[in-house]
Trainee: 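Would you mind keeping the following structure in view while I ask a few things?
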2 protein chains.
Amino acid sequence: MKDVALRAGVALKTVSRVVNSEPGVTPETASRVLGAIEELGFRRNESARLLRTGRTATVGFIADNWGDRESAALGRGVEEVAREHGFLLFAGSTDTDPVREEQLTLSLCARRVDGLVIVPTPGDHDYLLSEIEAGIAAVFALRPPYHLARADAALVDEHGAARTAVAHLIAQGHERIGYLGGDQASYRTRQLLDGYREAMGTAGLTVDEAWTSLTPQRLLNSTVTAVLCGSREHTALALRTVVEAGMSRRVAVVGFGAFELAEYLAPGLTVISYDPAEVGRAAGELLFGRLGGYRGPGRRVYVPATLVTRGSGEVPPAVP
Amino acid sequence: MKDVALRAGVALKTVSRVVNSEPGVTPETASRVLGAIEELGFRRNESARLLRTGRTATVGFIADNWGDRESAALGRGVEEVAREHGFLLFAGSTDTDPVREEQLTLSLCARRVDGLVIVPTPGDHDYLLSEIEAGIAAVFALRPPYHLARADAALVDEHGAARTAVAHLIAQGHERIGYLGGDQASYRTRQLLDGYREAMGTAGLTVDEAWTSLTPQRLLNSTVTAVLCGSREHTALALRTVVEAGMSRRVAVVGFGAFELAEYLAPGLTVISYDPAEVGRAAGELLFGRLGGYRGPGRRVYVPATLVTRGSGEVPPAVP
DNA sequence: CTGAAAGCGCTTACAG
DNA sequence: CTGAAAGCGCTTACAG
């Protein structure tokens with residue numbers, strides 16, 4: 001910029017004015033400056049500008065692994081909103097490691113990102129407090145953080161979807177319904193089980209607690225006629241277990257997540273599914289709400305999850 | 001930092017030394033500084049440091065849409081390499097729009113990223129020349145740019161995979177083999193068709209040019225007994241067409257891409273598949289090679305693609 | 001071992 | 001309409 005000023009025979013400030021298209025420059029001066037910029041191949045150093053301005057026009061996106069389908073689509077949703085605001089996006093993966101999450105977040109904060117969308121790890125998030133105090137906006141996605149109850153979050157209505165799914169199974173005549181879904185303490189499992197219990201209760205069915213923490217092995221030895229799954233991986237597990245044991249007519253599987261080519265699956269597959277990009281966009285909107293000056297209490301946005309049936313027909317009805 | 005210096009009663013430089021754990025500070029002074037840092041909740045502004053240092057320790061990843069499976073996994077591979085080097089990653093999507101690619105790239109360059117991994121759009125990339133001259137490293141992934149032949153690229157051996165796939169079909173007795181894959185000018189289609197032609201030629205089979213640009217409609221009216229697909233979407237299309245027309249016994253489908261739950265697909269599915277994360281890591285290595293001082297000519301790295309059979313058996317043999 | 005000055009590339013606040 | 005100075009938060013190159 002100094003070189004440009006020198007070459008155009010003007011002061012630094014004039015170059016700055018031209019570059020920012022501020023008013024108050026004669027067309028002649030402007031074109032002289034523009035010429036110099038062209039000749040020198042000058043391009044403003046955005047970082048320097050932002051250092052002075054105090055903002056960086058960047059946000060960070062932190063997920064377990066943004067290489068997986070769910071996180072990637074979610075991140076893309078965040079990017080869209082960021083882009084509308086002229087912001088650039090940092091992306092980082094924690095591999096579900098709280099230590100790594102903290103490192104990543106802190107180094108992003110050290111770069112002075114304006115905001116952060118975080119799919120939180122199980123760890124606590126107190127380290128964020130001082131950053132938030134320092135002015136950085138943080139929004140959680142997919143699950144709320146353990147403490148930090150005041151933070152904004154964009155979530156999925158897994159509770160409602162599980163309730164619907166289980167009610168649907170019950171309507172098909174199922175009474176012994178199980179849940180296969182990994183870590184019982186995880187947010188998604190708790191949400192799904194809440195919905196499950198609610199539907200069972202409404203139908204007047206009692207829940208055998210053994211049903212709520214199935215494994216493939218236990219599923220084989222269980223009397224359940226239907227199983228609700230808590231993740232893509234558990235859906236695949238359940239399917240494999242049921243098919244390999246030749247039980248696909250006897251045990252109905254309700255999966256979690258969208259699967260391509262699901263219409264050609266042999267047993268047919270009904271799933272609970274939601275649009276991760278929508279969660280990302282919702283998180284982005286919450287974030288830019290904060291960046292736009294919102295100072296109120298934490299908000300929660302729920303994205304709907306729906307029951308989708310694909311492939312060769314319905315969930316099989318209960319066989320008496 | 002000024003506040004910290006004031007509070008600790010030392011000069012700015014001393015604080016800088018402590019923060020960077022440079023030698024030459026007495027333990028007492030150091031602990032005084034550390035104390036002040038603690039009390040003030042000081043955290044170094046990385047951007048300011050990097051402005052002075054001249055590097056930003058960031059790289060950018062630009063893809064059609066990093067929310068899709070292929071790009072996301074690829075980007076995650078780049079992130080891994082970046083992380084090993086202590087770099088942060090920007091991610092942006094072009095939606096296959098050359099204009100958007102240029103905008104994104106240029107704004108990343110204005111932030112002075114040290115390097116860029118780009119899944120290029122069909123546009124030309126001359127706008128990158130001046131940036132590369134200015135010292136930014138650029139590596140292409142998945143497909144090479146149209147011009148800019150000198151650039152590094154991490155690619156997939158689609159050519160070899162198609163050759164293998166078609167040879168395999170031929171070994172199963174197929175002689176009339178088609179290709180369904182969208183834009184004929186795209187890099188992937190050209191690679192796949194090259195491999196296809198090579199295998200057909202080696203087997204002494206002649207290619208009816210109509211076979212090389214199938215659509216679902218043309219596939220129905222064609223005499224081909226097998227079809228090679230050029231993308232995930234075209235795989236789904238081919239499958240749908242074949243299944244709905246009741247031709248799944250007569251027409252063998254070789255898909256492209258990895259599909260979850262493929263083992264439970266009704267007709268069974270053989271696909272050409274590769275590991276996108278590996279392409280990302282390869283691109284990352286090329287990039288950091290440049291950042292590490294490599295100044296030689298452009299390099300190409302090929303990641304293998306393999307033929308995988310899932311589900312209820314093999315590609316169906318040709319029915320006489 | 002410690003510090004005062006200059007500068008990275010830009011903008012802000014003020015004068016002319 | 002244009003410019004000279006100060007400063008964003010840090011580091012570099014030099015003295016003491």
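All figures in this text were calculated on a predicted structure; none of them were measured in a lab. Labels below follow one simple rule: chain letters A, B, ... track the order of the sequence lines, proteins then strands, and each chain is numbered from 1.
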Trainee: According to side-chain contact (heavy atoms from CB on, under 4.5 Å), who are the partners of A:Leu51, at least two apart in sequence or on a separate chain?
Mentor: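 Expected list: B:Asn45, B:Ala48, B:Leu51.
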Trainee: Give, ordered by number, those residues of residues 6-33 of chain A having at least one heavy-atom distance below 4.0 Å to an atom of DNA chain C; if nothing qualifies, reply none.
Mentor: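 When residues 6-33 of chain A is checked for heavy atoms under 4.0 Å from DNA chain C, the hits, listed by number, are A:Leu12, A:Lys13, A:Ser16, A:Asn20.
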Trainee: Kindly write out the residues that satisfy ring pair (Phe, Tyr, Trp, His ring centres under 6.0 Å) with A:Phe87, not counting sequence neighbours, or none if the list is empty.
Mentor: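 Once residues adjacent in sequence are excluded, the partners of A:Phe87 under the ring pair (Phe, Tyr, Trp, His ring centres under 6.0 Å) criterion are A:Phe288.
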Trainee: Checking A:Thr58 now: which residues fulfil side-chain hydrogen bond (donor to acceptor under 3.5 Å, both in side chains) with it, not counting sequence neighbours?
Mentor: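 A:Thr58 satisfies side-chain hydrogen bond (donor to acceptor under 3.5 Å, both in side chains) with A:Thr56 only.
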Trainee: Toss me the dot-bracket line for DNA chain D: Watson-Crick and G-U wobble, both under 3.5 Å, 5' to 3', using | for pairs to another strand and [ ] for crossers.
Mentor: |||.||||||||.|||
Trainee: According to side-chain contact (heavy atoms from CB on, under 4.5 Å), who are the partners of A:Arg190, at least two apart in sequence or on a separate chain?
Mentor: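 Partners of A:Arg190 by the side-chain contact (heavy atoms from CB on, under 4.5 Å) criterion, ordered by chain and then number, come out as A:Tyr146, A:Tyr187.
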Trainee: According to the salt bridge (Lys or Arg N to Asp or Glu O under 4.0 Å) rule, which pairs have a member within residues 108-127 of chain B, sequence neighbours left out?
Mentor: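 Every candidate salt bridge (Lys or Arg N to Asp or Glu O under 4.0 Å) pair involving residues 108-127 of chain B fails, so no pair, neighbours aside, qualifies.
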Trainee: How do A:Leu50 and A:Lys2 order along DNA chain C: which one's closest nucleotide is nearer the 5' end?
Mentor: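 Whichever sits nearer the 5' end wins; that is A:Lys2.
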Trainee: Between A:Gln103 and A:Tyr127, is there a side-chain donor-acceptor contact under 3.5 Å, judged purely by atom types and distance?
Mentor: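 No, because no side-chain N or O of A:Tyr127 sits under 3.5 Å from a partner of the opposite role on A:Gln103.
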Trainee: Along DNA chain D, 5' to 3', what are the outermost nucleotides having an atom less than 4.0 Å from a heavy atom of chain A?
Mentor: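 Both ends considered, the range comes out as D:dC1 to D:dG9.
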Trainee: Tell me the ring-ring contact (aromatic ring centres under 6.0 Å, His included) pairs involving residues 89-110 of chain B, sequence neighbours left out?
Mentor: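 Found A:Phe90-B:Phe90.
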Trainee: Donor-acceptor pairs under 3.5 angstrom involving side-chain atoms of residues 5-13 of chain A: please list them, not counting sequence neighbours.
Mentor:
unit_1: A:Arg7; atom_1: NE; unit_2: A:Glu39; atom_2: OE1; d: 2.7
unit_1: A:Arg7; atom_1: NH2; unit_2: A:Glu39; atom_2: OE1; d: 2.4

Trainee: Excluding sequence neighbours, so at least two apart, what forms side-chain contact (heavy atoms from CB on, under 4.5 Å) with A:Val19?
Mentor: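 Listed in chain order: A:Val15, A:Ile37, A:Phe42, A:Arg44.
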Trainee: Reading DNA chain D from 5' onward, which residue's closest nucleotide shows up sooner: A:Arg52 or B:Thr53?
Mentor: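 Its nearest nucleotide being more 5', the pick is A:Arg52.
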Trainee: Under 3.5 Å, which donor-acceptor pairs link side chains of residues 70-81 of chain B to any protein atom two or more places apart or in another chain?
Mentor:
unit_1: B:Glu70; atom_1: OE2; unit_2: B:Arg188; atom_2: NH1; d: 3.2
unit_1: B:Glu70; atom_1: OE2; unit_2: B:Arg188; atom_2: NH2; d: 2.9
unit_1: B:Glu70; atom_1: OE2; unit_2: B:Tyr274; atom_2: OH; d: 2.5
unit_1: B:Ser71; atom_1: OG; unit_2: B:Asn65; atom_2: O; d: 3.4
unit_1: B:Ser71; atom_1: OG; unit_2: B:Asp68; atom_2: OD1; d: 3.1
unit_1: B:Arg76; atom_1: NE; unit_2: A:Asn65; atom_2: OD1; d: 2.7
unit_1: B:Arg76; atom_1: NE; unit_2: A:Ser93; atom_2: OG; d: 3.0
unit_1: B:Arg76; atom_1: NH1; unit_2: B:Glu80; atom_2: OE2; d: 3.4
unit_1: B:Arg76; atom_1: NH2; unit_2: A:Asp95; atom_2: OD1; d: 2.4
unit_1: B:Arg76; atom_1: NH2; unit_2: A:Asp95; atom_2: OD2; d: 3.1
unit_1: B:Glu79; atom_1: OE1; unit_2: A:Trp66; atom_2: NE1; d: 3.0
unit_1: B:Glu79; atom_1: OE1; unit_2: A:Ser93; atom_2: OG; d: 2.7
unit_1: B:Glu79; atom_1: OE2; unit_2: A:Ser93; atom_2: N; d: 2.7
unit_1: B:Glu80; atom_1: OE1; unit_2: B:Arg281; atom_2: NH1; d: 3.4

